[in-house]
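Predicted model only: the values in this text are computed from it and were never measured.
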Amino acid sequence: MPIRWPRAKRCQHGEGVVGLISMANGYLPSEFETRWQQRWRDERTYEIDNDDPRPSTYVLSMYPYPSGKAHIGHVRNYTFGDLLVRYRTMNGYGVLSPIGFDSFGLPAENAAMKTGEHPRTYTDARIEELSSSLTAIGAVYDWRRMVKSHDPEYMKWGQWIFKQFYNAGLAYRAEAPVNWCPGCGTVLANEQVNADGTCDRSGDLVERINKVQWFYRITQYAQELLDDLDELDWPQRVKTMQTNWIGRSEGAEFALPIADADGNARTDVAGLAVYTTRPDTGFGMTFAVMAPEHNRVDELTTDDQRPAVEAFRAEVKEKSEIDRMSTDGPIDKRGVATGSSVINPFTGATIPLFLADYVLTTYGTGAIMAVPGQDQRDWDFAKAYDLPIVRTVAPPDDFDGEAFTGDGPAVNSGWLDGMGVVEAKAAAISWLVDNNYGESKINFRLRDWLLSRQRFWGCPIPIIYCDDCGEQLVPDDQLPIVAPDDVTFEATGKSPLATHEGFLNTTCPECGKPATRETDTMDTFVDSSWYFLRFADAFNTDEPFSVEAIKRWLPVDQYIGGVEHAILHLLYARFYTKALADLGIAPKELREPFARLFTQGMVRMGGGKMSKSKGNLVAPEAIIAEHGADALRLAILQVKPPAEDVDWEDFQLDGCARFLGRVWRLAASTADIKNRRSGVHTEADVEIDKLVHRLIVRVTGDFERWSYNTAVAAYMEFTNDLYRYVQSDDGPHAEVLDYAVDTLLLLLAPPVPHMAAELWEMRHDAHIHLAAWPVADESKLVVETETMIVQVNGKLRDRIDVPAGIADADAEALALASEKVQAFLEGEPKKIIVRAPKLVNIVA
RNA sequence: GCCCGGGUGGUGGAAUGGUAGACACGGAGGGCUUAAACCCCUCUGAGGAGGAAACUCCUCGUGCGGGUUCAAGUCCCGCCCCGGGCACCA
């Protein structure tokens, strides 16, 4: 609440601060911002050694993909991290604040195809641009520790880690589908495939073809990745998303015997394995469905259905997984009968076997039992194909839907009848086990991590293929394997690695005979899965990092990044950390990389995501030139809670710059204010002093809970009060004012580091960022009177000033005595709720 | 489609279940100025009543419909709309 100054004390006649404070020292950020940036660098203010005596804390913003000059989205991300680094430093911590670049990736390769420039020189230039942008917004790092994905030293240890994973059985090869463009003769990223399934370069229809590729066995850690989420101080929504992504489910896997022409179970072939989370509904299984890619499709398709099945499979090949998972649209064209039948083991009935696009090979067994009574998609399918529907769970009487997925007594289910879902599940599973049809099974939606990329600009997978010895790891003394420089990029999109003779041909490390290299590179998520560990020991040439260094800094105390990374990056990094710990490369006890996570929202432009490809980027340079980096930082903090998405149009640069000007004028010239006084403190002096201490509490609390927009409001409110104080007829008390301004500057040092530093040096000839964060004096926080609100039936009827320590009975008496309240009372109150000193609610 | 968020004045937002709209932008009025800009001060959710005025008071109001509660922007249920992710963009 702002102070309500008595009218007479206010400045009435425009004398204003103009008259009191010199205008000569205008706020001109361009005169000192770059100077301070240079000084932080020269004075190594934010460099830190591993033997630094201060208590450790590790603040990390996700390392950026170097796309060139920063855009406002970057600025927002790195402002939050920078504020925290400066805040923690003022709190006495030795803060590890490193920066690096996620410098492998598709855009550099695309640029190479356009301009012929080698991705390395292109990427190095983009890193320079982004680095200078980060410096220009005042972000401070220990630049010595910089990690770049494409740095050969980092690649060397990345490949070395792959080898350790391979030796531990965590890396393996298997077939997996890729997007294949027949026109370009190349594999496409999902991003390069248009919504209609065509190649964005050639326009050809993209196919899904199978290719042998490398995987990391992340599923081995599925349970641990799920369990350990509990101990993380992460946003609940990110934890929920990871939980759902891992997708643990308990159910049963069992076999549906294949039926012969007479409807009897064949004993010469294995049954069709299906996975279900609802074994209790088995009696309602009226058909079964396989994924179109299931490896038994050929075997189980009858001759008369073969043409239809082949046509269907060709069609599905062109569909994306998202389209296939969708339950939108007509379902009648989304499946086809195989002509074969299987047997429902529960009922003994012969039921038809279909293919449908919504069943995926990647989940469960790639085949399902269909129970239309309890599953809406099965219901729709049954309707479209005229299949019987049998309810096996009785829906409530008022149920008017189709498939019923809720709980209820089992019906039409033989020996399960009458049981609830939980009981029936257990009973059905024991029955399946007892009769040798199957077993209970925990299934995860999580799939192994496909890390092969058919790209040039990535970290090569350190494998050699020998005709005689098979796949061989590249020996350590040959690492890193680095992509060659003498390559040309063709507009078709082919990776030059696969055709570069010098790269491709090598000798087998085992037998010495001619052999060939793996030409796929690693997913860039591999690079980003351990860079935060390398930061802790960035100069180590003997190992990726020492256990000691990791023990000193890890886990990251505060990780900051976009919510778009909520699943993939954060899950992969967690997996890497666990695997590295289990292999003894990282400390055994390091189970999680990021103790606390903050996910900030994105900056949108015209309602859409800001991105280079959309061409709607806003560059910070022009804004910094006009308003200064501090004003931009403050506007970022002020405009919206950090976790939420924000539209660029809503930024209030002018207002923030105006506020900084107000602080500047006040702080730069307090000594010149004409009517400064000394001696005895007036009521106003005491009041201002209390506000200073309340401000410390507010800002500190807001920083701790990432509520920067309200912290900015607190600064502004306080500054408004200070202005009124300075302009009051009595004038300001010199000591009170100086203390108030100094404290304001200290509190402003993390968000607006340049201006705070400049003013502090003017006032104290010292470095504000090395000063201690202010601490509030408890005795000055004591509140003597509170405004008690009085409600009648929950509606506000009066406000009464009461002593903070008022007893409930006295509060009640005061409330009832109020004339305003009396007017709304008829007869005796039914009930009175008293929450002294804040509230009394009278129920009439 | 599935998973995860979000809907509060003209705008961005604030509000441990307890005074809805702090702070800022925009707007209005006043001061300073020959004038303008800058700057300083005040007012500003909608509708209405009383008063010469300062001001006082009433009703409505947090996407829609229900519910829980003495009390709901906040908790629960069901809708509607908007945004993000969906495994090869990073």
Side-chain angles (χ1 to χ4, degrees), chain A residues 1-2 10-20 23 26 62 64-65 67 102 105-107 178-179 187-193 235-238 240-241 243-245 247 321-329 358 362 377 446-447 449-455 523-525 528 562-569 571 601-602 604 607-609 611 613 635 638-641 643-647 649-652 654-656 658-659 661-662 665 707 709-710 712-717 720 723-724 727 787-791 793-796 799 820 830-833 835 838-839 841-843:
Chain A
M1 283 286 272
R10 283 192 205 149
C11 173
Q12 291 287 318
H13 301 293
E15 200 176 350
V17 170
V18 179
L20 295 168
M23 285 294 290
M62 290 179 184
Y65 176 78
S67 51
D102 187 12
L106 202 49
V178 292
N179 300 312
V187 173
L188 300 181
N190 284 347
E191 197 190 44
Q192 298 171 304
V193 182
Q236 190 51 51
R237 72 156 154 161
V238 174
T240 306
M241 281 194 264
T243 301
N244 292 339
W245 188 261
E321 213 161 88
I322 292 172
D323 286 340
R324 288 179 56 174
M325 294 291 284
S326 172
T327 51
D328 238 5
Y358 66 82
T362 48
R377 206 155 34 177
L446 181 69
R447 315 200 290 241
W449 176 6
L450 197 176
L451 65 108
S452 296
R453 296 291 181 270
Q454 295 70 39
R455 313 248 178 274
D523 181 2
T524 56
F525 277 123
S528 57
V563 73
E564 68 272 20
H565 292 295
I567 297 172
L568 296 179
H569 162 59
L571 196 66
M602 346 173 276
R604 289 183 308 233
K609 187 174 179 174
S611 71
S613 54
Q638 187 240 18
V639 65
K640 209 151 183 175
E644 293 176 26
D645 291 349
V646 58
D647 289 306
E649 292 87 341
D650 296 327
F651 277 62
Q652 297 174 1
D654 291 330
C656 289
R658 196 177 303 161
F659 165 75
R662 276 163 80 79
R665 284 192 299 280
S707 183
N709 54 331
T710 54
V712 173
Y715 295 134
M716 290 178 168
E717 219 172 283
N720 289 342
Y723 261 66
R724 294 192 198 98
Q727 294 171 90
T787 302
M788 181 172 79
I789 57 166
V790 185
Q791 299 175 329
N793 293 328
K795 286 196 175 178
L796 174 72
R799 299 181 178 85
K820 289 176 184 170
K830 291 197 187 86
K831 190 174 176 185
I832 301 177
I833 285 102
R835 299 278 181 276
K838 291 283 190 188
L839 167 136
N841 187 16
I842 302 163
V843 185

Colleague: My understanding is that only one of A:Asp523, A:Leu106, A:Thr524 makes a side chain to side chain contact (heavy atoms under 4.5 Å, CB included) with A:Arg455; could you say which?
Modeller: A:Leu106
Colleague: What I want to check is whether an N or O donor and acceptor connect the side chain of A:Asn190 with the base of B:C88 at under 3.5 Å.
Modeller: no
Colleague: How far does the C1' atom of B:G26 sit from the matching atom of B:G78, given to the nearest Å?
Modeller: 38 Å
Colleague: Could you grab the distance from atom OH of A:Tyr65 to atom CG of A:Asp102, nearest 0.5 Å is fine?
Modeller: 8.5 Å
Colleague: Decide whether A:Thr240 and A:Thr243 meet the rule of one side-chain donor and one side-chain acceptor closer than 3.5 Å.
Modeller: no
Colleague: Relative to the 5' end of RNA chain B, which residue comes earlier, A:Asn244 or A:Ala714, by the nucleotide with the nearest heavy atom?
Modeller: A:Asn244
Colleague: Are side-chain N/O atoms of A:Arg447 and A:Thr362 paired as donor and acceptor at under 3.5 Å?
Modeller: yes
Colleague: So, OP1 or OP2 of B:C23: does either fall under 4.0 Å of a side-chain N or O from A:Asn720?
Modeller: no
Colleague: Is the shortest heavy-atom distance from the side chain of A:Val178 to the side chain of A:Gln454 under 4.5 Å?
Modeller: yes
Colleague: For B:C40, does OP1 or OP2 lie under 4.0 Å from any side-chain N or O of A:Arg665?
Modeller: yes
Colleague: Within less than 4.0 Å of OP1 or OP2 of B:C25, is there a side-chain N or O belonging to A:Arg658?
Modeller: yes
Colleague: Would you mind reading off the distance between A:Gln652 atom CD and B:C23 atom P, rounded to a whole angstrom?
Modeller: 14 Å
Colleague: If you assign A:Asn841 and A:Thr710 each to the RNA chain B nucleotide with the nearest heavy atom, which residue ends up on the more 5' nucleotide?
Modeller: A:Thr710
Colleague: Quick one: A:Glu717 CD to B:C23 C1', roughly how many Å, whole number?
Modeller: 6 Å
Colleague: On a whole-Å scale, what distance lies between the P atoms belonging to B:C39 and B:G17?
Modeller: 39 Å
Colleague: Can you tell me the distance, in whole Å, between the CG atom of A:Asp650 and the P atom of B:U11?
Modeller: 11 Å
Colleague: So what does A:Ile833 hit on the nucleic acid, given a heavy-atom distance under 4.0 Å: a base, only sugar-phosphate, or nothing?
Modeller: base
Colleague: Say we look at B:U44 and B:C25: how far apart would their P atoms be, to the nearest angstrom?
Modeller: 16 Å
Colleague: Would you indicate whether the side-chain heavy atoms of A:Lys831 and A:Ile833 approach each other to under 4.5 Å?
Modeller: yes
Colleague: Can you find a side chain N or O atom of A:Lys795 that sits less than 4.0 Å from OP1 or OP2 on B:C60?
Modeller: yes
Colleague: Have a look at A:Ser452 and say if it touches a base, only the backbone sugar-phosphate, or nothing, with a 4.0 Å heavy-atom cut-off.
Modeller: base
Colleague: Indicate whether OP1 or OP2 belonging to B:C41 is found under 4.0 Å from a side-chain N or O atom of A:Gln727.
Modeller: yes
Colleague: Give me the distance, rounded to whole Å, that separates B:G63 from B:U11 when you measure between the P atoms they each carry.
Modeller: 13 Å
Colleague: Is any side-chain nitrogen or oxygen of A:Asn709 closer than 4.0 Å to OP1 or OP2 of B:A14?
Modeller: yes
Colleague: NA contact type, A:Trp449, heavy-atom cut-off 4.0 Å: base, sugar-phosphate, or nothing?
Modeller: nothing
Colleague: In whole angstrom, give me the gap between the C1' atoms of B:U62 and B:G12.
Modeller: 16 Å
Colleague: Mind checking the P distance from B:G47 to B:G9? Whole angstroms is fine.
Modeller: 15 Å
Colleague: How far does the C1' atom of B:U69 sit from the matching atom of B:G18, given to the nearest Å?
Modeller: 12 Å
Colleague: Side chain of A:Met602, heavy atoms from C-beta onward: which of B:G84, B:G85, B:G12 has the nearest atom to it?
Modeller: B:G84
Colleague: Over 60° means perpendicular and under 30° means parallel, so classify the ring planes of A:Phe525 and A:His565, tilted if in between.
Modeller: perpendicular
Colleague: Would you kindly give the CG-to-P distance between A:Leu796 and B:U59, to the nearest whole Å?
Modeller: 10 Å
Colleague: May I ask you to say what A:Pro641 touches in the nucleic acid, namely base, sugar-phosphate or nothing, with a heavy-atom cut-off under 4.0 Å?
Modeller: sugar-phosphate
Colleague: Any base atoms under 4.0 Å from A:Val646, or only sugar-phosphate, or nothing? Heavy atoms, all strands.
Modeller: nothing
Colleague: So, does the side chain of A:Arg455 form a donor-acceptor pair with the base of B:C88 at under 3.5 Å?
Modeller: yes
Colleague: What nucleotide, of B:A90, B:U19, B:C89, holds the atom closest to the side chain of A:Asp102?
Modeller: B:A90
Colleague: Quick one: are A:Gln652 and A:Val639 in side-chain contact, heavy atoms under 4.5 Å?
Modeller: no
Colleague: Round to a whole Å and report the spacing from CZ of A:Phe525 to P of B:G85.
Modeller: 11 Å
Colleague: On a plain distance test, is the side chain of A:Glu649 in donor-acceptor contact with the base of B:G12 below 3.5 Å?
Modeller: no
Colleague: Please, what dot-bracket string fits RNA chain B when only Watson-Crick and G-U pairs with both distances under 3.5 Å count, crossing ones use [ ] and pairs to another strand use |?
Modeller: (((((((..(((.....[....)))((((((.......))))))((((((....))))))..(((((..]....))))))))))))....
Colleague: Contact class for A:Gln192 vs. all strands (heavy atom < 4.0 Å): base, sugar-phosphate, or nothing?
Modeller: nothing
Colleague: A:Gln236 CD to B:G5 P: how many Å, rounded?
Modeller: 8 Å
Colleague: Would you mind classifying the nucleic acid contact of A:Leu188 as base, sugar-phosphate or nothing, using non-hydrogen atoms under 4.0 angstrom?
Modeller: base
Colleague: Can you check the distance between B:C75 and B:G1, where both ends of the measurement are the C1' atom (answer in whole Å)?
Modeller: 29 Å
Colleague: Apply the syn/anti split at 90° from 0 to B:G9 and say which one it is.
Modeller: syn
Colleague: Would you indicate, yes or no, if B:C57 has its OP1 or OP2 atom less than 4.0 angstrom from a side-chain nitrogen or oxygen of A:Lys820?
Modeller: yes
Colleague: Does one side chain, of A:Asn841 or A:Arg835, offer a donor that lies under 3.5 Å from an acceptor on the other?
Modeller: no
Colleague: Have a look at A:His569 and say if it touches a base, only the backbone sugar-phosphate, or nothing, with a 4.0 Å heavy-atom cut-off.
Modeller: nothing
Colleague: Does a side-chain N or O from A:Arg724 land closer than 4.0 Å to OP1 or OP2 of B:U42, or not?
Modeller: yes
Colleague: Give, for atom CG of A:Asp645 and atom CE of A:Met602, the distance between the pair rounded to the nearest 0.5 Å.
Modeller: 4.5 Å
Colleague: Could you state the interatomic distance from CD1 (A:Ile789) to CG (A:Leu839), rounded to the nearest 0.5 Å?
Modeller: 4.5 Å
Colleague: Contact class for A:Arg237 (heavy atom, under 4.0 Å): base, sugar-phosphate, or nothing?
Modeller: sugar-phosphate
Colleague: As a test of reading the structure: which of B:C70, B:A90, B:C88 is closest to the side chain of A:Val178, going by heavy atoms?
Modeller: B:C88
Colleague: Any side-chain N or O of A:Arg453 below 4.0 angstrom from OP1/OP2 of B:C88?
Modeller: yes
Colleague: Calculate the interatomic distance between A:Leu451 atom CG and B:A87 atom P; express it in whole Å.
Modeller: 17 Å
Colleague: Kindly say if A:Arg662 contacts the phosphate of B:C41, meaning a side-chain N or O under 4.0 Å from OP1 or OP2.
Modeller: yes
Colleague: CG of A:Leu839 versus P of B:A72: gap in Å, rounded?
Modeller: 12 Å
Colleague: Just N and O in the side chain of A:Lys838: are any of them under 4.0 Å from OP1 or OP2 of B:G18?
Modeller: no
Colleague: Is A:Thr240 near enough to B:C4 that one of its side-chain N or O atoms lies under 4.0 angstrom from OP1 or OP2?
Modeller: no
Colleague: Is any side-chain N or O of A:Gln638 under 3.5 Å from a base N or O of B:C23, one able to act as donor and the other as acceptor?
Modeller: no
Colleague: Rounded to the nearest 0.5 Å, how far does CG of A:Asp654 lie from CZ of A:Phe659?
Modeller: 15.0 Å
